[in-house]
Protein chains: 2
Amino acid sequence: MNARAGQAKAGDEATDAAGAPSSDGGAEALRRLAGQHSSGYRSVGVMAYDIIRDAILSGALLPGQKLRQETLAELIGVSRVPVRSALIQLEADGLVELQDRRGAVVKSVSVEQAREVYDIRTLLELEALRRSMAHMTPERLTRIRELSRAVDAEQEGGGFIDARTEFYAVLYDAERHPVLWETIEQLKLKVGRYVLGWRLVGDEGAEHSHSHEHLIDAVEAGDVDHALAVLREHLESVRDAVLALLETEAQERVGA
Amino acid sequence: MNARAGQAKAGDEATDAAGAPSSDGGAEALRRLAGQHSSGYRSVGVMAYDIIRDAILSGALLPGQKLRQETLAELIGVSRVPVRSALIQLEADGLVELQDRRGAVVKSVSVEQAREVYDIRTLLELEALRRSMAHMTPERLTRIRELSRAVDAEQEGGGFIDARTEFYAVLYDAERHPVLWETIEQLKLKVGRYVLGWRLVGDEGAEHSHSHEHLIDAVEAGDVDHALAVLREHLESVRDAVLALLETEAQERVGA
DNA sequence: CGAGGCGATTCTGTATCCAATATTCATCGA
DNA sequence: TCGATGAATATTGGATACAGAATCGCCTCG
């Protein structure tokens, strides 16, 4: 609720910013992110990538937001060269759109696209789980349980994302199926911001954690059909939440 | 046969080039490609991307080949900046690997990875065909037939690739399912060079065209199950050819 | 009120320079 | 002779400055 209202407000700001900036357009949040990521990077380019990426996924930069290279460079504290590198990568990820000689814009996700993403993810993730269960070991099972608890423990944004990613990496046996895993991750990224926003809804977090438990139980029992059913249900529930969020945003945008 | 032998020879050259360049390492072919692509681009960056991409897909640049920015820039006739842009995009495509401060290398595809790619493609392309057939129209069917003939007509590399891509775009109704289509295309790219090489085998080209006809007939008849079965068989046949090629290459590499 | 032009802004690309790091090669010691 | 060490070299990643091109906004003129 709280989070939803906040996003709607920020969305309006972004719309305004497209015309004439009425707020900072995420500049403050970006500067803060730049501070967090400031050290321990092998190259400035990947740092810029991470910062802008996190800014988009965290909702600091909203769909439609215009990204000017020089502004980003100043905020991050680098020259425009690594910013360009970052933007190119982000375009490949589908998070921004590079219009020819018109700059970069944070891409928006249509309801239809999101539906497609979840349809494909369902196909791929069910397959991933199926294959993973075919080669399950007690060690992996133990790790899965540990990581599931770690996900529940993490509360703040960044840690939660990382923990959840690792959980699924082990659950789907990413090591054995790197291409499948990478494809799934790319699809997740496209709706990343909304999944992150969705988590903030809060109430559904408990339900989410609950279905995780069910899933792991089924995996542990070796009940493939049941595990797949639980996973499918989980994905459909997340999908519905995201689609609802997107539809609400779309309406609010029209209403404004 | 002819093509196979050529590739094996080129492969050895690449292996040598990794140590001390014994041949031009694809420089001549790259220069030729640069000439073909020389005009009509909105930005030099995408031109560089296209040239290097085609060089990799056509086999002029082989897996393991080291790509130096300055050399590429000279061959293409641009500065290092657009080359860097291109390399970043190619890394996102999975065609090259950017090692930190060690330059770019054309990525090689393992047998396992290729198998995964085809497994996932089978999942996704069957789904794409299923959805496409659910909304088939006479107009699309007509276009599919036309494009199929266009594919058979095109013989040389570039035109053939484009024609085939458009054929599948219409067959899978890419316009209605952009995310699914994009995901499939990304996967195709990862084994692009080998599919291109495979086509040159020649004898199997007829068989390939034959299965296309079968597929279209089934689509026209609205026989979903049959169409899916034909498509699956086709994909498995291509997969087997590619895997065989990869295994042969791997053996030859060890043998050398 | 609409069409066209002008200037300002911004992106794209070039050229040059610098710092950091990898690689190569030669030397030294066991 | 062979392996390790360290300097010289090569290459990448990045900064900076500048030129060219395309777009946008605004302004004037018809």
Side-chain angles (χ1 to χ4, degrees), chain A residues 15-22 25 27 34 37-52 61 64-92 96-107, chain B residues 15-22 25-27 30 34 37-52 61 64-92 96-107:
Chain A
T15 306
D16 291 341
S22 67
H37 287 265
S38 58
S39 69
Y41 273 97
R42 22 169 232 183
S43 88
V44 185
V46 309
M47 183 182 79
Y49 170 79
D50 274 10
I51 291 173
I52 303 175
L61 296 173
Q65 173 85 37
K66 208 172 126 195
L67 302 176
R68 290 197 303 116
Q69 297 180 355
E70 197 158 3
T71 307
L72 291 174
E74 282 175 14
L75 288 171
I76 298 173
V78 297
S79 82
R80 291 186 343 197
V81 177
V83 171
R84 278 185 54 92
S85 295
L87 290 177
I88 292 170
Q89 291 178 264
L90 289 165
E91 190 197 25
V96 310
E97 186 179 357
L98 257 54
Q99 300 163 323
D100 191 45
R101 303 201 187 256
R102 292 178 18 121
V105 177
V106 180
K107 248 195 185 174
Chain B
T15 305
D16 291 341
S22 67
L30 226 161
H37 288 265
S38 58
S39 69
Y41 273 98
R42 21 170 235 183
S43 89
V44 184
V46 309
M47 184 181 80
Y49 170 79
D50 273 11
I51 291 173
I52 302 175
L61 296 174
Q65 173 86 36
K66 208 173 125 194
L67 302 176
R68 291 197 306 115
Q69 297 178 357
E70 199 157 357
T71 307
L72 290 174
E74 282 175 15
L75 288 171
I76 299 173
V78 297
S79 77
R80 288 192 327 176
V81 176
V83 170
R84 278 184 54 95
S85 295
L87 289 177
I88 292 170
Q89 291 178 265
L90 288 166
E91 190 197 25
V96 309
E97 187 179 356
L98 255 57
Q99 301 162 323
D100 191 47
R101 301 212 179 251
R102 291 174 22 120
V105 176
V106 179
K107 247 194 185 175

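Chain identifiers are assigned alphabetically (A, B, ...) following the order of the sequence lines, protein sequences preceding nucleic acid strands; residue numbering begins at 1 within each chain.
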A.B. asks: Once you round it to whole Å, what is the distance between C1' of C/dC11 and CD of A/Gln99?
C.D. replies: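 Those two atoms, CD and C1', are 12 Å apart.
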A.B. asks: Residues of residues 72-81 of chain A with any non-hydrogen atom less than 4.0 angstrom from an atom of DNA chain D: list those, numerically ordered, please.
C.D. replies: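 The answer is A/Val78, A/Ser79, A/Val81.
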A.B. asks: Rounded to the Å, how far apart are A/Leu98 CG and D/dT23 P?
C.D. replies: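 So the two atoms are 15 Å apart, to the nearest Å.
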A.B. asks: Checking side chain to side chain contact (heavy atoms under 4.5 Å, CB included) for the pair B/Met47/B/Ile51: CA distance, chi angles, key distance, verdict?
C.D. replies: CA-CA 6 Å; B/Met47 184 181 80; B/Ile51 291 173; 3.9 Å; yes
A.B. asks: Identify all side-chain donor-acceptor contacts of residues 67-77 of chain A below 3.5 Å with residues at least two apart in sequence or on another chain.
C.D. replies:
from    : atom 1 : to      : atom 2 : distance (Å)
A/Arg68 : NH2    : A/Thr71 : OG1    : 2.9

A.B. asks: Closer than 4.0 Å, any side-chain N/O of B/Ser43 to the OP1 or OP2 of C/dG13?
C.D. replies: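 True: B/Ser43 side-chain N/O within range (under 4.0 Å) of C/dG13 OP1/OP2.
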A.B. asks: On a heavy-atom basis, which atom in B/Arg42 and which in A/Arg101 lie closest, and how many Å separate them?
C.D. replies: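 Closest approach of B/Arg42 to A/Arg101, heavy atoms only: O-NH2, 4.0 Å.
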A.B. asks: Over all heavy atoms of both residues, which pair between B/Ile52 and B/Leu90 is shortest? Give the atoms and the distance, please.
C.D. replies: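 Closest approach of B/Ile52 to B/Leu90, heavy atoms only: CG2-CD1, 3.4 Å.
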A.B. asks: Roughly how many Å is it from CZ in A/Arg84 to C1' in D/dA15, rounded to a whole number?
C.D. replies: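 The distance from CZ of A/Arg84 to C1' of D/dA15 comes to 15 Å, rounded to the nearest Å.
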A.B. asks: Closer to the 5' end of DNA chain D via nearest nucleotide, is it A/Pro82 or B/Leu67?
C.D. replies: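 Going by which nucleotide is closer to the 5' end, it is B/Leu67.
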A.B. asks: Test of understanding: with side chain to side chain donor-acceptor pair (under 3.5 Å), list the residues that count as partners of B/Asp100, not counting sequence neighbours.
C.D. replies: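 So B/Asp100 forms no side chain to side chain donor-acceptor pair (under 3.5 Å) with any residue.
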A.B. asks: To the nearest Å, how far apart are B/Asp100 CG and C/dA20 C1'?
C.D. replies: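 Going from CG in B/Asp100 over to C1' in C/dA20 covers 10 Å.
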A.B. asks: Do you know the tightest heavy-atom contact between B/Gly45 and B/Ala86?
C.D. replies: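 Nearest pair, atom of B/Gly45 first, then B/Ala86: O-CB, 4.2 Å.
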A.B. asks: Are A/Ser85 and D/dG13 close enough that a side-chain N or O sits under 4.0 Å from OP1 or OP2?
C.D. replies: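 Answer is no, no contact under 4.0 Å.
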A.B. asks: Sequence neighbours left out, what pairs pass side-chain hydrogen bond (donor to acceptor under 3.5 Å, both in side chains) with at least one residue falling in residues 79-88 of chain A?
C.D. replies: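 Checked against side-chain hydrogen bond (donor to acceptor under 3.5 Å, both in side chains) - neighbours excluded - no pair reaches residues 79-88 of chain A.
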A.B. asks: Name the pairs: protein N/O against N/O of nucleotides 6-10 of chain C, kept only if under 3.5 Å.
C.D. replies:
from   : atom 1 : to      : atom 2 : distance (Å)
C/dT10 : OP1    : A/Arg68 : NH1    : 3.3

A.B. asks: Quick check for you: to the nearest 0.5 Å, what is the distance between A/Leu98 atom CG and A/Leu87 atom CG?
C.D. replies: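 One gets 6.0 Å once the value is rounded to the nearest 0.5 Å.
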